[in-house]
Amino acid sequence: MPSTQSGLSIAFFLSFVMLTLWITYVAARRTRSTTSFFTAEGRISAWQNGWALAGDFLSAAALLGIAGIITANGFDGLVYSIGWLVGWPIMLFLIVEPLRNVGKFTMADLVAYRLNQRWVRSAAAIGSLTVILFYLIAQMVATGALIKLLFGIPYSTAVMIVGAAMLVYVLFGGMIATTWVQVIKAILLLIGGAVLAALVLSRFSFDPRALFQAAAQQFGERVLQPGEKVVPGGWEAISLALALMFGTAAMPHVLMRVYTVKDVRDARLSITYATGLIGIFHLFVLIIGFGCMVLVGPAVVAKAGGGGNMAAPLLALTLGGEAFFGFICAVAFATMLAVVAGLTLSGVATLCHDIWTNVVRSGHAPEKEKMAVARISTVLIAVLAVALGSVFEGQNVAFMVGLAFSVACAANFPTLVLSISWRRLSTAGAVSSILVGTVVCLTMILLSPTIQVDVLGRNLADLQSHWWFISMRNPAIVAMPLSFATAIVVSLLTPEPEAAAKFDALRDAIVFGPARLDPPSPEIEVAAAGAKPQPL
């Protein structure tokens, strides 16, 4: 195998970095307010936002993690692709309209509209930041492994480089720079995935069946059947499916993009475009994963390290040489950088808008102060992401992202649904639901083989003698129903007439638009004015 540390490979990589830095420079001159920083003032078109959504959602888990799982285990890896894709219609038909018509920057705007702002926003921030940090860990792990492979530098140094790049893009460019990094990344990702899949199929007369038959001949029929390594079956499989489907509809960084377009129609169109682009790409990943299994081999991928995350780059090196390897590495880096930027921006919005502006300052923070808090929050999240990314070295990113979705479906989804559909939801019920979902998820993850065996190196049999659920890697099946039940029971025990009285106003705002809100927020009034989206 040729050396991965070639001048051509590094040139592709650095070219993308320079392009994104130029985008950030241009965007920085247009980012002067929190509305611009977080939502680009709602001036992104539906088509642009659809590509940006695809770029925001197609993370390292899509290109690297799922390809690695398919390479090692066969069709089992498809459960991630299918689960994530199913979540988008849920978001489209259930979440988008209420969120766009009632919110400003974050999903807490919707949940807190008729409840106690201070308590609900504080709890929602805990749930959202937990999800964001889990997702950030996965991206940092994959990016660190990629740069380590490309440059031959220590993993910890690679993670710090990624953190520094993320800091520059978000700190100076805000949503405008993040959007265009995501759009460019999505285009490059689809082109790279299509070319890599075509190169694989060219070895098998462009017949996918021949590829699958070759995989079965080399590694047995098990690779074409549901296995027991990725998804053991039974309750574990159901739990993972719940996390991927309902977690997708409650991911903070994806929901935040609903506010970057001018109205609900454009938000729906954005989701529709993104769903099609994401679905097409996952078909490419299936071919890439099996192509790597047959043409590179699971043993070579495992030897490269990174928890199997280097499957796609190594396949590119085998089929296209160092030039194509450099291109795929640049695309992979773009993929992770775009998602990291979106996640960071979402976390910053939570800290600045929900915690500082609405909890600490009771909704009356000056614009200059909010921008300062936003930039300080960006630095804090970057430092934390680097630290956590270093700790979780070697974990498969698709699996790590699955854990983030587990927390999202337990902590965020129940309160989102109940806030728009159940009149009797109270502040205590919403807060308890978010906290119970988050704590139960984190506790089960901490006691699961993911942490106890894979990270801490403890013996699984010894742990199972103390905890019956210790073998479960995906806690959604326990945490999400418990979160729903907590919200319902606590709300019935703590009735809140004021919240129930505002339910009809909330429903009117959802159906007829933000003009029905009382009092309307300045940010929503700007969006409701209907300024036509302008190319950024």
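Below, all heavy atoms of this structure are taken into account, side chains as well, without hydrogens, waters or symmetry copies.
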(message) Run the side-chain contact (heavy atoms from CB on, under 4.5 Å) test on I278 and F57 for me, step by step, so that the C-alpha distance in whole Å, both residues' side-chain angles and the decisive distance to 0.1 Å come before the verdict.
(response) CA-CA 8 Å; I278 292 166; F57 189 77; 3.7 Å; yes
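- Remark: the backbone N or O of A250 is paired with a side-chain donor or acceptor of N412 at under 3.5 angstrom.
- A donor-acceptor pair under 3.5 Å is formed between the side chain of T357 and the backbone N or O of C352.
- Interatomic distance, T130 OG1 to I434 CD1, rounded to the nearest 0.5 Å: 11.0 Å.
- Looking at L188 and F327, their side chains come closer than 4.5 Å, going by heavy atoms from C-beta outward.
- Using cut-offs of 30° and 60° on the angle between ring planes, the pair F405 and Y135 is tilted.
- One distance of note links OG1 of T179 with CD1 of I44; it measures 3.5 Å at 0.5 Å rounding.
- Nearest heavy-atom pair, I70 versus L286, reported as atom, atom and distance to 0.1 Å: CD1-CA, 4.0 Å.
- Separation of atoms CG (L196) and CD1 (I287) is listed at 10.5 Å; rounding is to 0.5 Å.
- The shortest heavy-atom contact between P298 and F219 is CD-CZ, 3.4 Å.
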(message) Under the criterion side-chain contact (heavy atoms from CB on, under 4.5 Å), I'd like the reasoning laid out for H253 against D56: C-alpha separation, chi angles, the key distance, then a yes or no.
(response) CA-CA 8 Å; H253 69 297; D56 207 0; 3.3 Å; yes
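- Atom CD1 of I126 sits about 7.5 Å away from atom OG1 of T438, to the nearest 0.5 Å.
- Aromatic rings of F75 and F290 (six-membered ring for Trp) have centroids within the 6.0 Å cut-off, being under it.
- Taking 4.5 Å as the limit, some side-chain heavy atom of I187 sits within range of a side-chain heavy atom of V183.
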(request) Carefully, step by step, assess V348 and L380 under the rule side-chain contact (heavy atoms from CB on, under 4.5 Å). (result) CA-CA 9 Å; V348 171; L380 292 176; over 6 Å; no
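- Using a 4.5 Å heavy-atom cutoff, the side chains of L244 and L85 are not in contact.
- Residue L315 is tested with I288, T71, V300 for a side chain to side chain contact (heavy atoms under 4.5 Å, CB included); the sole match is I288.
- G291 and V200 get closest at one heavy-atom pair: CA-CG1, 3.6 Å.
- Of the N and O atoms on the side chains of E369 and W356, at least one donor lies less than 3.5 Å from an acceptor on the other residue.
- With contacts defined as side-chain heavy-atom distances shorter than 4.5 Å, the pair R257/Q182 qualifies.
- If you take NZ on K370 and OG on S377, they are separated by 13.0 Å, rounding to the nearest 0.5 Å.
- C441 and P475 make their closest contact through SG-CG, 3.8 Å (heavy atoms, listed as atom of the first residue, atom of the second, distance).
- Counting heavy atoms from C-beta outward, H282 and L58 have side chains that approach closer than 4.5 Å.
- Among D354, T350, L351, the one residue that satisfies the side chain to side chain contact (heavy atoms under 4.5 Å, CB included) test with S128 is T350.
- Under the side-chain hydrogen bond (donor to acceptor under 3.5 Å, both in side chains) criterion, T248 pairs with no residue, sequence neighbours left out.
- Residues P252 and T106 have side chains not in contact (no heavy-atom distance under 4.5 Å, counting atoms from C-beta outward).
- F281 and F284 have perpendicular rings, their planes meeting at more than 60° on a 0 to 90° scale where under 30° would count as parallel.
- Residues L416 and L255 meet the side-chain proximity criterion, which asks for heavy atoms closer than 4.5 Å.
- Going from atom CE of M160 over to atom CE of M140 covers 10.0 Å, rounded to the nearest 0.5 Å.
- Looking only at atom types and distance, the side chain of S239 has no donor-acceptor partner in the side chain of N474 under 3.5 Å away.
- Using a 4.5 Å heavy-atom threshold, the side chains of F134 and L343 count as separate.
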(request) Please step through side-chain hydrogen bond (donor to acceptor under 3.5 Å, both in side chains) for the pair S483 and S433, ending with a clear verdict. (result) CA-CA 5 Å; S483 180; S433 173; 2.7 Å; yes
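- The nearest pair of heavy atoms linking A410 to A479 is CB-CB, 3.6 Å.
- When every heavy atom of V431 is checked against every heavy atom of A123, the shortest pair comes out as CG1-CB, 3.9 Å.
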(message) F325 vs L319, test: side-chain contact (heavy atoms from CB on, under 4.5 Å). Steps then yes/no.
(response) CA-CA 9 Å; F325 170 80; L319 295 178; over 6 Å; no
